[in-house]
Amino acid sequence: MICLGIESTAHTFGVGIVTDKKKVLANVRDSYTTKTGGIIPSKAADHHVEVFDKVVRQALEDAKVGWDDIDFIAFSQGPGLGHTLRFGGIVSRTLALLKKKPLVGVNHCIAHLEIGRMLTKAKDPVLLYASGANTQIIAYDGGKYRIFGETLDGGIGNFLDTFARELGLGFPGGPKVMALAKKGKNYIELPYVIKGMDTSFGGILTNVKQKLKSGKYKKEDLAFSLQETVFAMLVEASERAMAHCEKDELLLGGGVACNTRLQEMCAIMCKERNAKSYVLANEFNVDNAAMIAWLGIEMYKAGIRTLLEKAIIRPYERTDDVLVKWRNN
Ligand code: AMP
Ligand code: MG
């Protein structure tokens with residue numbers, strides 16, 4: 001069985017082709033980037049309009065398959081930016097109609113967790129999903145993927161991107177902040193904001209902006225301190241979720257999971273509690289369509305289909321809105 005998956009929740013338009021034997025035949029993506037400003041939803045959608053045909057063709061070429069080999073199409077139904085999701089939805093429905101393929105709409109956040117279970121030995125991990133717009137700690141419990149902690153304002157990636165923007169660096173800013181942080185040596189105290197299991201970044205951002213403007217601190221030290229602070233918040237909440245759920249596996253997902261310092265901090269925490277920490281290759285951390293195709297396969301095998309007339313986008317879909325029919329443990 002072969003599934004073609006389509007990703008379009010935000011900056012990335014991706015097409016992935018995956019088999020039910022867990023083979024990733026193609027994972028092509030083209031992402032909207034800027035030199036200085038942040039992500040503008042309508043511009044990101046314009047980008048997807050420009051590149052989608054090239055990305056679809058490249059994926060089929062990489063996978064060395066034709067449309068006759070594709071059994072069905074899976075697409076990111078939500079959550080995400082309305083502008084970009086809508087375009088991905090149009091492409092998916094049009095292809096399903098033209099090529100006469102069944103369609104499966106999938107939840108993007110859950111796809112991050114399922115590709116981790118597929119690519120690693122993790123069986124039932126807690127997912128620390130740290131991406132641009134999303135920051136959630138997710139684990140399977142009672143037939144659903146529940147959110148055990150999440151950001152109360154923006155996503156951690158957007159927070160890093162905004163800090164980078166203050167420094168005049170472009171989007172995505174996360175990798176640039178990481179490079180800068182490696183040069184920082186002095187820890188500058190910042191607010192540490194964790195409420196119950198939830199985190200918040202807005203106040204920290206204001207504080208860092210003020211420190212930046214004061215001219216008293218080196219930007220390298222601020223980048224370093226910022227990472228140490230916000231990553232510690234995420235690791236703390238993840239550890240408590242693991243303790244509460246009695247799970248001994250942690251999986252990192254989302255674009256910020258590419259950060260080597262965050263990876264290191266998760267590994268240390270897991271080692272201290274005799275748990276395992278799993279990190280994926282960067283191409284599966286960032287938004288990608290291989291994960292959409294793989295979750296599509298799991299759902300399709302469980303008998304789930306999305307009728308064309310019901311294949312509307314769900315920009316605000318929550319992880320725990322989805323009934324998980326494809327897991328039996
Ligand atoms: P996603 O939305 O999951 O594709 O992730 C995109 C986000 O990941 C953006 O906010 C990036 O700045 C961030 N990101 C990518 N690489 C890194 C990195 N090495 N360190 C921190 N953030 C990163
Ligand atoms: Mg994502």
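Both counts, for ligands and for their atoms, begin at 1 and track the order of listing. All values below come from the heavy atoms of this structure, side chains included, with hydrogens, waters and symmetry mates left out.
- Heavy atoms from both the backbone and the side chain of Val256 come within less than 4.0 Å of ligand 1.
- Within the coordination shell of the Mg ion (ligand 2), defined by N, O or S atoms under 2.8 Å, Asn134 is absent.
- Annotation for Lys219: atom NZ does not count as buried by contact number, only 12 or fewer foreign heavy atoms lying within 6.0 Å.
- Below 30°, between 30° and 60°, or above 60°: for His244 and Phe148 the angle between ring planes is between 30° and 60°, a tilted geometry.
- Among the atoms of Asn259, some N or O lies under 3.5 angstrom from an N or O of ligand 1.
- Residues Glu298 and Arg117 are paired through a salt bridge, judged by an N-O separation under 4.0 Å between the basic side chain and the carboxylate.
- Every atom of ligand 1 is numbered from 1 in the order shown, and the set under 4.0 Å from a heavy atom of Cys258 is 16 (N), 19 (N).
- With the Mg ion (ligand 2) as the vertex, OD1 (Asp287) and OH (Tyr129) define an angle of 170°, rounded to 10°.
- A side-chain donor from one of Ser76 and Glu7 sits under 3.5 Å from a side-chain acceptor of the other.
- With distances taken over non-hydrogen atoms, the option nearest atom 18 (C) of ligand 1 out of Ala133, Gly157, Ala130, Pro175 is Pro175.
- Counting heavy-atom neighbours within 6.0 Å of Arg240 CZ, excluding the residue itself, gives a total above 12.
- Side-chain atoms of Asp30 and His47 include a donor-acceptor pair closer than 3.5 Å.
- Of all atoms in ligand 1, listed by their number and element, those nearer than 4.0 Å to a heavy atom of Leu160 are 21 (C), 22 (N).
- Note that the CG atom of Leu95 and the CD1 atom of Ile90 stand 12.0 Å from one another [nearest 0.5 Å].
- When hydrogens are left out, the protein atom nearest atom 7 (C) of ligand 1 is Gly132 N, 3.7 Å; that is the closest non-hydrogen contact.
- Contacts between Thr12 and ligand 1, counted as non-hydrogen atom pairs separated by less than 4.0 Å, are absent for every part of the residue.
- Neither Tyr32 nor Phe13 shares a network with the other; the hydrophobic side chains, linked directly or stepwise wherever heavy atoms of I, L, V, M, F, W or Y lie under 4.5 Å apart, form separate groups for each.
- At a 3.5 angstrom cut-off on N or O pairs, Asn285 does not count as close to ligand 1.
- Close N/O approach between His112 and ligand 1 is not found [any backbone or side-chain N/O within under 3.5 Å].
- Below 4.0 Å from some heavy atom of Ser131 lie the following atoms of ligand 1, by number and element: 1 (P), 2 (O), 3 (O).
- Not one N/O/S atom of Cys109, from backbone or side chain, sits under 2.8 Å from the Mg ion (ligand 2).
- Crowding of Lys276 atom NZ: a count of heavy atoms from other residues, nucleotides or ligands under 6.0 Å not exceeding 12.
- Here Phe87 and Phe52 bring their ring centres to under 6.0 angstrom of each other.
- Not a single heavy atom of Ala10 sits under 4.0 Å from any atom of ligand 1.
- Each of the following atoms of ligand 1 lies closer than 4.0 Å to a heavy atom of Gly254: 3 (O).
- Remark: minimum distance from atom 3 (O) of ligand 1 to any protein heavy atom is reached at Gly255 N, 2.8 Å.
- Protein heavy atom in closest approach to atom 22 (N) of ligand 1: Gly174 CA, 3.3 Å.
- Judged by the 6.0 Å and 45° rule, Arg327 forms a cation-pi pair with Tyr140.
- For atom 12 (O) of ligand 1, the closest non-hydrogen atom on the protein side is Asp161 OD1, 2.6 Å.
- Ring centroid separation for the pair His112 and Tyr129 comes in under the 6.0 Å cut-off.
- The protein heavy-atom contact nearest to atom 6 (C) of ligand 1 is His11 NE2, 3.7 Å.
- Listed by number with element, the atoms of ligand 1 under 4.0 angstrom from any heavy atom of Met178 are 19 (N).
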